[in-house]
Peer 1: 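Below is one structure. I have some questions about it.
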Amino acid sequence: MLDIKFIRENPEIVKNACRVKGFKDYTDDIIVLDARVRELKTITQTKTAEKNKITKEIPTATDKATLIAKSKTIGDEIASDMAELADKEVQLNDLLHRVPQIPHRDVPVGPDDKSNIEVKRVGTPKKTDFTTLAQWDLLDMNGWWAPEKIAQICGTRTYALMGEAAELDLAIQTFVIQKLIAKGFNFVQCPAMTKPQSVFDAGHFMGSDLSVMNNDVFMLTDTDRCLAGTAEIVLNSMHSDEILPESALPIKYAGHSECFRKEAGAAGRDTRGLVRFHEFHKVEQYVYCKPEQSDEMHELLLNNLCEVMEDLELPYRVIANSTGDMGFNKVKMHDVEAWVPSENMYRELGSCSSIGDFQARRTNTRYRENGTNEVKFCATLNNTGIALPRAIVPVIENHQNADGSVNIPKKLQPLMGGRKTIGGKR
RNA sequence: GGACAGAUGGCAGAGUGGUUGAAUGCGACGGUCUUGAAAACCGUUGAGGUCGCAAGGCCUUCGGGGGUUCGAAUCCCUCUCUGUCCGCCA
């Protein structure tokens, strides 16, 4: 959602954003509707003022009946104007919810991921004198999962880590959480079960109809709840309807939650291995800041994830996503991808996004500026801290030994009881 | 799951149909006083919208939505949330 005033004054910028992001352009309709809405507001407000004036005179008037009749007549007029106003406002509101966020000037312009730009590459894939195994072979031989059994019990796109791999998962989570806490992030264990409104307010969906989420979000039958796809959902609403003091910003959260996704658009993709599930878990970085701090915070969040990659001793690269490859609600986005030997390519492990004031408008999260005392919308950003079990994939593949054992990255060793390797032939 | 109670401005807390955007207290901010501070005193202090070059006017808002009425913080319906007791339970 953008400021209607901004759209009114900068239609060309908005139109351009729709074009480069690949969304339908409703700008002209919005401007027409907006003009009519304001016209109707002016009319109804003037009449309401007139009516209020009469109403106030009634208690002390001698001829009450005349005034009451007059007030009634105006009331009827207002009611008919209000009906049109309400209708037009609903229409306008829906269209406003379909306007994408304006991309940052630095974002590469292009229709899809082919226009993405690699901005950084760190580390080199390790050369081995043995044939490296794919994640599933390592998991199989070490007894670290039981995919067929779990699929039978729980259905497709579920998993269970077992033994040392499960320990590793927990160690990685703990490591990242502790790292973020040390950097001043407030650690929050987030519920995954939430209300649809909170999902909508995170701004991942267009329009004003909450049902648009049905394709992507698990709804819980016979309840008013759904399952969040990320801790971002809850963190995004943590300060809704608040006016924060400027001194409180930036606010940094490290959220951890189970994440539930339908993955409806990914049928047949990544069906093997630990990459794509209906339920996984994730440490999420989330920041509220002043708009002018946003770029700096973006770098900070991105850098944190890069550090995690280095702590996990993974070769990785950073991608600047193009206008057509980033979401509806995003200003700027970078993907961090880790090297996966079995696929001979980099695979996405995390995604850093600047949202501008888009989410803050939906949640009505504002701050009061020092000096001017002006109330402004916050900017929000989010980035993956670490996503699991996906992160297990590059860790076990890049650190495998000839016998199928896996070396534990040094920084994780204390969280793994001091062990340097796990698994391998006994 | 059952039975009650409640939701008012930054906070506390009046107000049960008519100049109430809302008493009072606290807090915050500005000022007077003071060498400085405290105290005391005086004043200011929600947000959103709309019209206007501006000054300023007007509209909305007492948890959300709907209704009754000329008029609603006050009456009715409904939803959400909070509290208390019982039941159940990691």
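Only heavy atoms go into these numbers, but all of them, side chains included; no hydrogens, no water, no symmetry mates. Remember, predicted model here, so these are calculated numbers, not experimental data. Chain naming here is simple, since letters A, B, ... match the order of the sequence lines and numbering starts at 1 in each.
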Peer 1: Is the side chain of A/Gln101 donor-acceptor paired with the backbone N or O of A/Ile355 at a distance under 3.5 Å, no angle test?
Peer 2: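 Flag set: sc A/Gln101 to bb A/Ile355 pair under 3.5 Å.
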
Peer 1: Quick one: list whatever passes ring pair (Phe, Tyr, Trp, His ring centres under 6.0 Å) with A/Phe185, sequence neighbours left out.
Peer 2: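 Listed in chain order: nothing, the list is empty.
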
Peer 1: For B/A28 versus B/G10, give the span between their C1' atoms, rounded off to a whole number of Å.
Peer 2: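 Comparing C1' positions in B/A28 and B/G10 gives a spacing of 8 Å.
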
Peer 1: Is it true that A/Phe218 and A/His278 have ring centroids separated by less than 6.0 Å?
Peer 2: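 Between A/His278 and A/Phe218, which both carry aromatic rings, the centre distance is below 6.0 Å.
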
Peer 1: If we take the P atom in both B/C11 and B/A23, what is their distance in whole Å?
Peer 2: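 Each nucleotide's P atom is 15 Å from the other's.
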
Peer 1: Rounding to an integer number of angstrom, what distance separates B/G30 and B/C81 when you compare their P atoms?
Peer 2: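 Looking at atom P only, B/G30 and B/C81 are 41 Å apart.
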
Peer 1: Which residues pass the ring pair (Phe, Tyr, Trp, His ring centres under 6.0 Å) test with A/Phe23, sequence neighbours left out?
Peer 2: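 Result, ring pair (Phe, Tyr, Trp, His ring centres under 6.0 Å) vs A/Phe23: A/Phe328.
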
Peer 1: May I ask you to decide whether A/Lys411 forms a salt bridge with A/Glu313, counting only side-chain N to carboxylate O separations under 4.0 Å?
Peer 2: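 Here A/Lys411 does not pair with A/Glu313 in a salt bridge, since their nearest N and O are not under 4.0 Å apart.
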
Peer 1: Given the C1' atoms of B/C4 and B/A14, what is the spacing between them in whole Å?
Peer 2: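 Pairwise C1' distance, B/C4 against B/A14, rounds to 25 Å.
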
Peer 1: Could you check which residues of residues 225-237 of chain A get a heavy atom under 4.0 Å from RNA chain B? Sort them by number, please.
Peer 2: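 Nucleic-acid contacts, sorted: none.
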
Peer 1: Whole angstrom is fine here: how far is it from NZ in A/Lys53 over to P in B/G57?
Peer 2: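 Spelled out: NZ on A/Lys53 to P on B/G57 is 15 Å.
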
Peer 1: I'd like a list of close polar pairs between nucleotides 50-52 of chain B and the protein, N/O only, cut-off under 3.5 Å.
Peer 2:
| residue | atom | partner | partner atom | Å |
| --- | --- | --- | --- | --- |
| B/U50 | O2' | A/Thr42 | OG1 | 3.4 |

Peer 1: Within less than 4.0 Å of OP1 or OP2 of B/U60, is there a side-chain N or O belonging to A/Asn52?
Peer 2: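 So the side chain of A/Asn52 is within the cut-off, an N or O lying under 4.0 Å from OP1 or OP2 of B/U60.
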
Peer 1: Does A/Arg368 have a side-chain nitrogen or oxygen under 4.0 Å from the phosphate oxygens OP1 or OP2 of B/A47?
Peer 2: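 Yes, such a contact exists.
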
Peer 1: Please report, rounded to the nearest Å, how far the C1' atom of B/U80 is from the CG atom of A/Asp241.
Peer 2: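 Going from A/Asp241 (CG) to B/U80 (C1'), I get 13 Å.
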
Peer 1: Return the value, rounded to whole Å, for the distance between atom CD1 of A/Ile243 and atom P of B/U45.
Peer 2: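 So the CD1-P distance, A/Ile243 to B/U45, works out to 16 Å.
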
Peer 1: Quick one: are the ring centres of A/His104 and A/His298 less than 6.0 Å apart?
Peer 2: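 When the ring centroids of A/His104 and A/His298 are compared, they turn out to be at least 6.0 Å apart.
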
Peer 1: Summarise how protein sits on nucleotides 62-73 of chain B as a single string, 5' to 3': B when a protein heavy atom is under 4.0 Å from the base, S for sugar-phosphate-only contact, - for no contact.
Peer 2: --------BS--

Peer 1: Can you check the distance between B/C51 and B/G2, where both ends of the measurement are the P atom (answer in whole Å)?
Peer 2: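 Looking at atom P only, B/C51 and B/G2 are 50 Å apart.
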
Peer 1: Which residues pass the side-chain contact (heavy atoms from CB on, under 4.5 Å) test with A/Glu279, sequence neighbours left out?
Peer 2: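 In terms of side-chain contact (heavy atoms from CB on, under 4.5 Å), with neighbours along the sequence ignored, A/Glu279 is linked to A/Glu258, A/Phe260.
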
Peer 1: Quickly work out the A/Glu77 CD to B/C59 C1' distance and round it to whole Å.
Peer 2: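 Value for this atom pair: 17 Å.
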
Peer 1: Could you tell me which nucleotide pairs with B/C41 by Watson-Crick or G-U wobble geometry, both distances under 3.5 Å, or answer none if nothing does?
Peer 2: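 B/C41 is paired with B/G31.
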
Peer 1: What closest approach, in Å, do A/Tyr316 and A/Cys306 show between heavy atoms, and which atom pair accounts for it?
Peer 2: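 Looking at all heavy atoms of both residues, the closest pair is OH-CB, 3.3 Å.
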
Peer 1: Going by purine N1 to pyrimidine N3 plus the second Watson-Crick contact, or the G-U wobble pair, all under 3.5 Å, which nucleotide sits opposite B/C4?
Peer 2: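 Pair assignment: B/C4 / B/G83.
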
Peer 1: Taking the nucleotide of RNA chain B with the nearest heavy atom to each, does A/Thr44 or A/Asp224 sit closer to the 5' end?
Peer 2: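 On the 5' side of the pair lies A/Thr44.
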
Peer 1: So A/Thr363 and A/Asp241, do their side chains get closer than 4.5 Å, heavy atoms only?
Peer 2: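 A side-chain contact is absent here, since even the closest heavy-atom pair is not under 4.5 Å.
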
Peer 1: Calculate, to the nearest 0.5 Å, the distance between atoms CD1 and CD belonging to A/Ile74 and A/Glu50 respectively.
Peer 2: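 Between A/Ile74 CD1 and A/Glu50 CD, I get 4.0 Å after rounding to 0.5 Å.
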
Peer 1: Less than 4.0 Å between a side-chain N and a carboxylate O, is that true for A/Arg157 and A/Glu263?
Peer 2: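 Answer for the salt bridge query: no.
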
Peer 1: Across all strands shown, which nucleotide pairs with B/A55 by Watson-Crick or G-U wobble geometry, both distances under 3.5 Å?
Peer 2: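 WC or wobble partner does not exist here.
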
Peer 1: I'd like the P distance from B/A73 over to B/C85, given in whole Å.
Peer 2: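 To the nearest whole Å, 34 Å.
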
Peer 1: Both distances under 3.5 Å, Watson-Crick or G-U wobble: report the partner of B/U69, or none.
Peer 2: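 Paired with no nucleotide.
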
Peer 1: For B/C11, give its Watson-Crick or G-U wobble partner with both distances under 3.5 Å, or none.
Peer 2: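 For B/C11, the partner nucleotide comes out as B/G25, under the 3.5 Å rule.
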
Peer 1: For A/Ile74 and B/C59, give me the distance from atom CD1 to atom P, rounded to whole Å.
Peer 2: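 Spelled out: CD1 on A/Ile74 to P on B/C59 is 13 Å.
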
Peer 1: When the P atoms of B/C41 and B/G25 are compared, how many Å lie between them, rounded to an integer?
Peer 2: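 Looking at atom P only, B/G25 and B/C41 are 11 Å apart.
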
Peer 1: Taking B/U68 as the reference, what is the distance to B/G9 when you measure between their P atoms (whole Å, please)?
Peer 2: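 That atom pair is separated by 27 Å.
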
Peer 1: Could you check how far NZ of A/Lys376 sits from P of B/A47, rounded to whole Å?
Peer 2: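 Going from A/Lys376 (NZ) to B/A47 (P), I get 15 Å.
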
Peer 1: Write down the distance between NE2 (A/His239) and P (B/A47), rounded to a whole number of angstrom.
Peer 2: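 So the NE2-P distance, A/His239 to B/A47, works out to 20 Å.
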
Peer 1: Answer yes or no: is there a side-chain heavy-atom contact under 4.5 Å between A/Met219 and A/Pro196?
Peer 2: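 The answer is yes; the side chains approach within 4.5 Å.
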
Peer 1: Does A/Lys195 or A/Glu50 map to a spot on RNA chain B nearer the 5' end, using the closest nucleotide for each?
Peer 2: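 Nearest nucleotide further toward 5': that of A/Glu50.
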
Peer 1: Could you tell me if A/Glu242 and A/Tyr288 have a donor-acceptor pair between their side chains, going purely by distance under 3.5 Å?
Peer 2: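 No, no side-chain donor-acceptor pair sits under 3.5 Å.
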
Peer 1: Taking atom P of B/A47 as reference, at what distance in whole Å does atom CG of A/Leu244 sit?
Peer 2: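 Atom CG in A/Leu244 sits about 14 Å away from atom P in B/A47.
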
Peer 1: Just to verify, which of A/Thr323, A/Asn321, A/Asp106, A/Asp295 counts as forming a side-chain hydrogen bond (donor to acceptor under 3.5 Å, both in side chains) with A/Lys332?
Peer 2: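 Only one option passes, and that is A/Asp295.
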
